Amino acid sequence: MWIEAPEIAKTVQPGQFIILMTKEKGERIPLTVADYDRKEGLVHIVFQVVGKTTDELSCFQEGDCLYSFTGPLGRKSEIDFYGTVVVVGGGTGIACIHPIARSLKEAGNKVIAIIGARSKELIIMEKELKVVSDELIITTDDGSYGRKGFVTHALKEKLDQDPSIKKIWTIGPPIMMKVTTELTKLYPVDTIVSLNTIMVDGTGMCGSCRVSIGEETKFVCTDGPEFDGQLVNWDEFMHRIYRYREEEKESWQDFKNKNECRCKEN
Amino acid sequence: MAEMIEMKERTKRETVQMKEQPPSERIHNFKEVPLGYTKEEAIYEAQRCLQCKNPTCMRGCPAEINIPAFIRYIVEEDFAKAYLTILETDALPAVTGRVCPQEEQCQKECVLNKRGKPIAIGRLERFVADWARENGIHGIKDKRSRKTMKVAIVGSGPAGLTCAADLAKTGYQVTLFEALHKPGGVLVYGIPEFRLPKSIVEYEVDEIEQLGVKLICNQVIGATKSIEDLKDEFDAIFLSNGAGAPRFMDIPGENMNDVYSANEFLTRSNLMKAYLFPEHDTPIKIRQRAATIGAGNVAMDSARTALRLGAEKSYIIYRRSRAEVPARAEEVHHAEEEGIIFHFLTLPVRILGDKEGRVTGMECIKMELGEPDQSGRRSPIPIENSNFVLEVDMVIDAIGTMANPIVARSAEGVEVNQWGYFKIDQRTKMTTCEGIFAGGDIVRGSATVISAVGDGKIAARSIDDYLSSGKSLKKLII
Ligand SMILES: Cc1cc2nc3c(=O)[nH]c(=O)nc-3n(C[C@H](O)[C@H](O)[C@H](O)COP(=O)(O)OP(=O)(O)OC[C@H]3O[C@@H](n4cnc5c(N)ncnc54)[C@H](O)[C@@H]3O)c2cc1C
Ligand SMILES: Cc1cc2nc3c(=O)[nH]c(=O)nc-3n(C[C@H](O)[C@H](O)[C@H](O)COP(=O)(O)OP(=O)(O)OC[C@H]3O[C@@H](n4cnc5c(N)ncnc54)[C@H](O)[C@@H]3O)c2cc1C
Ligand code: SF4
Ligand code: SF4
Ligand code: FES
């Protein structure tokens, strides 16, 4: 989905995110900026429908206005020349790694992209990633496209083959990022993850997004969202992102019952 | 029209108390606790004012309100004039009338305080502002020609709103930038509905916009735009971004699921209206036993909010004794009436939890008071082997806030002190960068609404002086 937001489009950098609200009574939800067009003043977001707000968002049509759209928030990815790098994307995380891969490529790195999803229809941005990477590997859990298996299998092979790999970005479902860091712990590489904690303001005001990174507490919205994956306290992180699970379910059900969605009206 | 009454009668009369919602009722709703004066009550109270020739009360009011004048209009039943008198200097009267710590400000300086019966200035102010709102009385729109010079204000809390109103009245083109989706700062995200209804804040902000102030929400200065960008576009800047970063205790277990900062807890409840979930989308967790740590206004607000959201027990945990409690007496009184349980001389040392990351208890240690420290307060010292476990299942940290560095990071040449607060010239509120001014919590640390209002007023005057003398940020660049 492309959003007209000229001021954000002008300054946003790979790795940063925005916070939006669909309506006044809505929730503030963070979404990574998947791409931007500085000239046209547009910002691209890619999301998966997992609850009420994303469901509602999926009903927005051309010409509709969001109630609130704020950013760019968070720190940008540390793009530099590292040599060979791997970017790993799972699900909507595929969209998030695209601008990172592009910048890494522009900085002169050899970029290997590994993207994965449950099945073929969920593989997105294949063409775009092909352009900005030197090698693109696709995996699907069910084998309906590319290789059968998880991104971690493909990553392990690459790490075994190519000792020149210095740095890895892995963005996707929490469990995928956790498993990836468990794998890469065994190799001499840095692993960067992008944490999708629950946020409210996104500016360092509430602490809802806090996580333990090593011995320290960090705020994902201002200190992150990217962190050294080896330092993340994954158990705590996974507990925290599910802390409103019951309420989220209730809210989505309530939304479906009321049939508030505008695209269902037409 | 009511009469001015005899002097003797004035000093004899008792202060008119304000009616309140009974505790047993109000803990089940978010409606305002004090109900406001009726017309008759306001007049009866206003009649007590001695109309001093040298009104000492005004010394205590940073909003510079002409107190005897507006009180006189109340006696004369000309509430509209009373309102306009207040509005001349205070753009947020319904707000200040409610949350200003009057007993430390105007009422402390009122001559009648000697007899322990100061005029209830705040309550009268509230009455006038509410009456005007309900009766559609608006301030005078300035007809003077607009000046061409532009001022940017960062943050729409009481400091920013006041500065914006004063500058707009002087004729400047003012743009107010706010990071959140709603203006008001702590007034909308922090102070609960039952102390300050949000519709009232909205109304007063609207009135300020009517003065010609351009309000832009959803703009994080330091992210969407930097201070350097603002310098290209504006002739002067006022920084009033508050001290909004939460502080935690740094004890084990603090990142567990049901541990909130007061900022998060109150923002979810107030700004995001989680108390109306699922009609409003943002959720909040409420467990049976909530412990709030700290004893300032923020702690009282958190503990009382928890109760209203359905907690069966709501505790306040404070490491010093009752005598040192920093919250306003009125707030502590309200909290006690509502059944908040206080644990004084108690310091949490560890939050306990289960495998799912849920809080199951809090280990605390008992304290005793030792020698007075530099602040003059006796410092709390842990009593060895006095540890005990308090059975709670949620914790709210209300131990204070600190500076958020986002704005400062993007402001070259604007110096901050060791805590990240802007350094200013006390007299003019100018920072170390010419043309950039600052005030409110981002200079003082967590302070009060009225001190933020006062800073906004002084800054507006200094900005006018600065621009009137022909200076401008734009000229500095060229
Ligand atoms: C920095 C960051 C970047 C993100 N980028 C993307 C992206 O590019 N694409 C994408 O599909 N998703 C992204 N997410 C996750 C996205 O924010 C959630 O999917 C969204 O909030 C779900 O809202 P909902 O109402 O539809 O679902 P809900 O029913 O509210 O929640 C479903 C799940 O989403 C998560 N979630 C809920 N509320 C929030 C919140 N306020 N903040 C963060 N997470 C929440 C929880 O883990 C929850 O279990 C990102 C999250 C963060 C923090
Ligand atoms: C729960 C609570 C209860 C309180 N109760 C009382 C009370 O009863 N009486 C009393 O006198 N005081 C009380 N206070 C203190 C009082 O509210 C503050 O001292 C006062 O609000 C400070 O005003 P301010 O304008 O400096 O900042 P704030 O009110 O904090 O406003 C700052 C604004 O700037 C915005 N902002 C921050 N960063 C940026 C950025 N980068 N770009 C754009 N905008 C930004 C924020 O979103 C916010 O809206 C209370 C505080 C709290 C938290
Ligand atoms: S603004 Fe505060 S200090 Fe001034 S008169 Fe009103 S209550 Fe008193
Ligand atoms: S000092 Fe007290 S009595 Fe005198 S004018 Fe002020 S409010 Fe009235
Ligand atoms: S989301 Fe509030 S501090 Fe990060």
Side-chain angles (χ1 to χ4, degrees), chain A residues 5 7-8 10-12 16 18-29 51-53 56 66-74 198 200-212 216-217 219 222 233 235-240 242-248 250-255, chain B residues 178-182 189-190 216-220 222-226 229 241-248 250 253-268 271-274 276-285 353-358 397 401 404-407 409:
Chain A
E7 282 177 329
I8 300 176
K10 210 160 80 188
T11 53
V12 64
Q16 292 187 301
I18 54 89
I19 283 197
L20 64 79
M21 286 173 81
T22 53
K23 56 173 196 280
E24 193 180 355
K25 293 182 179 180
E27 189 174 10
R28 295 171 65 96
I29 68 155
K52 176 170 176 181
T53 310
E56 208 164 31
L66 289 164
Y67 173 70
S68 153
F69 196 75
T70 311
L73 301 168
I198 294 180
V200 184
D201 58 302
T203 64
M205 183 268 269
C206 73
S208 170
C209 62
R210 66 194 191 277
V211 287
S212 297
E216 284 177 271
T217 292
F219 286 5
T222 48
N233 180 336
D235 286 345
E236 180 191 283
F237 167 69
M238 308 266 254
H239 286 148
R240 284 188 69 81
Y242 295 122
R243 72 198 146 114
Y244 294 111
R245 197 176 248 169
E246 297 129 45
E247 288 83 356
E248 284 156 356
E250 181 190 341
S251 161
W252 200 5
Q253 197 51 52
D254 183 66
F255 174 71
Chain B
E178 170 54 50
L180 293 169
H181 56 280
K182 287 220 166 120
Y189 77 70
I216 307 185
C217 289
N218 306 308
Q219 291 247 354
V220 185
T224 318
K225 277 193 167 119
S226 69
D229 294 335
N241 48 305
R247 211 182 294 206
F248 291 92
D250 278 333
E254 222 171 2
N255 290 347
M256 272 187 305
N257 279 2
D258 301 323
V259 184
Y260 285 93
S261 74
N263 268 9
E264 181 187 355
F265 188 68
L266 292 170
T267 302
R268 281 183 182 273
L271 178 71
M272 307 310 296
K273 301 222 176 326
L276 298 173
F277 181 86
E279 189 199 332
H280 285 248
D281 294 348
T282 305
I284 195 162
K285 270 278 184 234
D354 64 14
K355 278 210 297 290
E356 270 79 53
R358 284 177 55 166
D397 265 322
T401 53
N404 184 327
I406 292 187
V407 174
R409 251 193 247 135

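Naming convention: chains lettered A, B, ... in sequence-line order (proteins, then strands); numbering from 1 in each chain. Atoms considered below: every heavy atom in the structure, side chains included; atoms not considered: hydrogens, waters and symmetry mates. Fair warning: this is a prediction, and the values are worked out from it, not measured in the lab.
- Looking only at heavy-atom pairs under 4.5 Å with chain B, the residue among Ile8(A), Thr11(A), Thr70(A) that has the most is Thr70(A).
- Residues Glu27(A) and Pro283(B) are in side-chain contact: their nearest non-hydrogen atoms beyond the backbone lie under 4.5 Å apart.
- Asp281(B) CG to Glu247(A) CD: the interatomic distance, rounded to the nearest 0.5 Å, is 13.0 Å.
- Proximity to chain A (any heavy atom under 4.5 Å) is restricted, for Thr267(B), to the side chain, taken from C-beta onward.
- In the model, Asn218(B) has a side-chain atom that pairs as donor or acceptor with a side-chain atom of Ser68(A) under 3.5 Å.
- Of the possible polar contacts, none joining the His181(B) side chain to the Glu24(A) backbone as a donor-acceptor pair under 3.5 Å is found.
- A distance of 8.0 Å separates NZ of Lys25(A) from CG of Leu276(B), quoted to the nearest 0.5 Å.
- Looking at residues two or more places apart in sequence or on another chain, you find a side-chain contact (heavy atoms from CB on, under 4.5 Å) between Glu246(A) and Lys285(B).
- With a threshold of 4.5 angstrom between heavy atoms, Met238(A) does not approach chain B through any atom at all.
- At least one side-chain heavy atom of Asn255(B) sits under 4.5 Å from a side-chain heavy atom of Thr217(A).
- Contact annotation for Tyr189(B): only side-chain heavy atoms (C-beta onward) come within less than 4.5 Å of a heavy atom of chain A.
- Using a 4.0 Å cut-off between charged side-chain N and carboxylate O, Arg210(A) and Glu254(B) make no salt bridge.
- Side-chain contact of Glu264(B) with Ser208(A): a donor-acceptor pair under 3.5 Å is present, judged by distance alone.
- Aromatic ring orientation, Tyr260(B) versus Tyr244(A): tilted (interplanar angle from 30° to 60°).
- In the model, Thr203(A) has no side-chain atom that pairs as donor or acceptor with a side-chain atom of Asn404(B) under 3.5 Å.
- Comparing Asp229(B), Leu271(B), Val259(B) by how many heavy-atom pairs each has under 4.5 Å with chain A, the most go to Val259(B).
- Note that CG of Leu180(B) is 5.0 Å distant from CE of Met205(A), once rounded to the nearest 0.5 Å.
- Among all heavy-atom pairs drawn from Ser261(B) and Cys206(A), the shortest one is OG-O, 2.5 Å.
- For Arg245(A) and Glu356(B), the salt-bridge test fails: no basic side-chain N is under 4.0 Å from an acidic carboxylate O.
- Ranking Ser226(B), Cys217(B), Gly244(B), Ala262(B) against chain A, the residue ahead of the rest is Gly244(B), based on heavy-atom pairs under 4.5 Å.
- Here the CD1-CG distance, from Ile198(A) to Asn257(B), works out to 8.5 Å after rounding to the nearest 0.5 Å.
- Residue contact with chain A, scored on non-hydrogen atoms closer than 4.5 Å, involves the side chain of Arg409(B) exclusively.
- Neither the backbone nor the side chain of Thr22(A) has a heavy atom closer than 4.5 Å to any heavy atom of chain B.
- The two residues Gly26(A) and Met272(B) make their nearest non-hydrogen contact at O-CE, 3.6 Å.
- Contact annotation for Val12(A): neither backbone nor side-chain heavy atoms come within less than 4.5 Å of a heavy atom of chain B.
- The residue among Lys273(B), Arg358(B), Gln219(B) with the most heavy atom pairs within less than 4.5 Å of chain A is Gln219(B).
- Neither the backbone nor the side chain of Ile29(A) comes within contact range of chain B; no heavy atoms are under 4.5 Å apart.
- Applying the side chain to side chain donor-acceptor pair (under 3.5 Å) test to Thr401(B) and every residue at least two apart in sequence or in another chain returns Ser446(B).
- For the atom pair NZ (Lys10(A)) and OG1 (Thr224(B)), the distance works out to 11.0 Å, reported to the nearest 0.5 Å.
- Between chain B and the residues Glu250(A), Met21(A), Arg28(A), the most heavy-atom pairs under 4.5 angstrom are made by Arg28(A).
- Residue Tyr242(A) does not touch chain B at all, counting heavy-atom pairs closer than 4.5 Å.
- The two residues Gly204(A) and Pro246(B) make their nearest non-hydrogen contact at O-CD, 3.5 Å.
- Judged purely by atom type and a 3.5 angstrom limit, Asn263(B) has no side-chain atom pairing as donor or acceptor with the backbone of Gly207(A).
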